[in-house]
Amino acid sequence: MITTHTAEPHPTPSAAASQPTLPTLSVQAQRLIDLEVHTFAGIPEHALHAAAAQWGPGRTDALLAVDPVLAPPSALAPLMRRGDRPGFVVEDMTDVDRFAPAGVTLEGGPLYLVEGPERGEEYENWSPAEALPAITDRGRSPLLLSEGIHWALQQPAVIEPGHCFMTIGSRLTRATGKLDARTPALWISGGTGRDGKERRNAPKLGWCWWGNRHTWLGIASAAARIPA
């Protein structure tokens, strides 16, 4: 969890920092195979290679993703790496896999393409509540938590000091039908509190409040999603 003071008035967009380039789709397919994501997701290796070939194996402007039902965040997060530090889910987010797409529709089979992912540095110091309409007004949609983890698996440098991001496309719906006030985010652990010193500098899956702003957390989004 992160808590910060909510500043007023509504912030103006900050300049977007350059983000690391993704590997080619063919390299991404092999990376998922090397991490054995295809094994626990129940997808044959040839399907990953075929998807990369279908969309253009040399593309570096899109992310090859697995449906979060087949590859949930709890299974993907430990596969993240920053140096020799494995990723982890914060201890008070045992319900992480219940954060499902909200306002985002996934169509087709187990694999799909996320076109034009952005970390959303221009929304640093914006709350998710403030950023969501600005993102949709641009014809984009907020990134899902599983997509954010896929991005970190393919390009670990996308989570860097001062430029981490929230994935507000994934929300948890409570039994009352209301949305939980938490929103998932990916950042770097400082090794304090319940994280433990051994997790210092590790990629961390945590949460923030829907109404809070954070100067170093962007709000990630995608241009489009294309089913295989």
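- Side-chain contact between C208 and H214 is present, with at least one heavy-atom pair separated by less than 4.5 Å.
- Between D95 and M93 the shortest side-chain heavy-atom distance falls below 4.5 Å.
- Atom CD1 of I219 is separated from atom CD of E130 by 8.0 Å, given to the nearest 0.5 angstrom.
- Of the possible polar contacts, none joining the R171 side chain to the A102 backbone as a donor-acceptor pair under 3.5 Å is found.
- The OG1 atom of T173 sits 5.0 Å away from the CG atom of L179 when rounded to the nearest 0.5 Å.
- Residues I188 and P161 have side chains in contact (heavy-atom distance under 4.5 Å, counting atoms from C-beta outward).
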- Item | From CA spacing to verdict: side-chain contact (heavy atoms from CB on, under 4.5 Å), L25, L113 | CA-CA 10 Å; L25 289 183; L113 193 70; 3.8 Å; yes
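- To the nearest 0.5 angstrom, F99 atom CZ is 9.0 Å from W207 atom CH2.
- Contact of the V158 side chain with the P117 side chain is not registered, since no non-hydrogen atoms from C-beta on lie closer than 4.5 Å.
- Using a 4.5 Å heavy-atom cutoff, the side chains of L32 and I43 are not in contact.
- Interatomic distance, M80 CE to F88 CZ, rounded to the nearest 0.5 Å: 8.5 Å.
- Residue P20 comes nearest to R119 through the heavy atom pair CD-NH1, 3.8 Å, listed as atom of the first residue, atom of the second, then distance.
- L143 and V69 fall into different hydrophobic clusters, where Ile, Leu, Val, Met, Phe, Trp and Tyr residues are linked whenever their side-chain heavy atoms come under 4.5 Å apart, directly or through other members.
- Nearest approach of W55 to R59, heavy atoms of both residues: O-CD, 2.9 Å.
- Interatomic distance, NZ of K197 versus CZ of R200, reported as 10.0 Å (0.5 Å rounding).
- The closest donor-acceptor contact from the side chain of R140 to the backbone of G116 lies under 3.5 Å.
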Please list, one pair per line, the donor and acceptor atoms closer than 3.5 Å that link side chains of residues 147-156 to other protein atoms, with sequence neighbours excluded.
unit_1, atom_1, unit_2, atom_2, d
E147, OE1, L144, N, 3.0
E147, OE1, R225, NH2, 3.0
E147, OE2, Y112, OH, 2.6
E147, OE2, R225, NE, 2.7
H150, ND1, S146, O, 2.8
H150, NE2, V66, N, 3.2
Q154, NE2, Q28, O, 3.0
Q155, OE1, A157, N, 3.3
Q155, NE2, T21, O, 2.9

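- Residues P57 and T24 share a closest heavy-atom pair of O-CB, 3.2 Å.
- Nearest approach of L132 to P142, heavy atoms of both residues: CD1-CG, 3.8 Å.
- Using a 4.5 Å heavy-atom threshold, the side chains of R182 and W209 count as touching.
- Minimum heavy-atom separation, L106 to P101: CD1-CG, 4.3 Å.
- Applying the side chain to side chain donor-acceptor pair (under 3.5 Å) definition to pairs two or more places apart or across chains, those involving residues 65-91 are S74-D97.
- V27 and L35 are members of different hydrophobic clusters when ILVMFWY side chains are connected at heavy-atom separations under 4.5 Å.
- Between D92 and R194 there is a salt bridge, since a side-chain N of the basic residue sits under 4.0 Å from a carboxylate O of the acidic one.
- Between V114 and A222 the shortest heavy-atom distance is CG1-CB, 3.5 Å.
- Partners of E45 under the side chain to side chain contact (heavy atoms under 4.5 Å, CB included) rule, at least two apart in sequence or in another chain, are I33, H38.
- Atom CZ of R138 has more than 12 heavy atoms from other residues, nucleotides or ligands within 6.0 Å.
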- Message: Walk me through whether E124 and T215 qualify under side-chain contact (heavy atoms from CB on, under 4.5 Å).
- Response: CA-CA 5 Å; E124 290 173 354; T215 58; 5.8 Å; no
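- Note: S221 OG to M166 CE = 13.0 Å, rounded to the nearest 0.5 Å.
- Between I159 and F165, the closest side-chain pair of non-hydrogen atoms falls below 4.5 Å.
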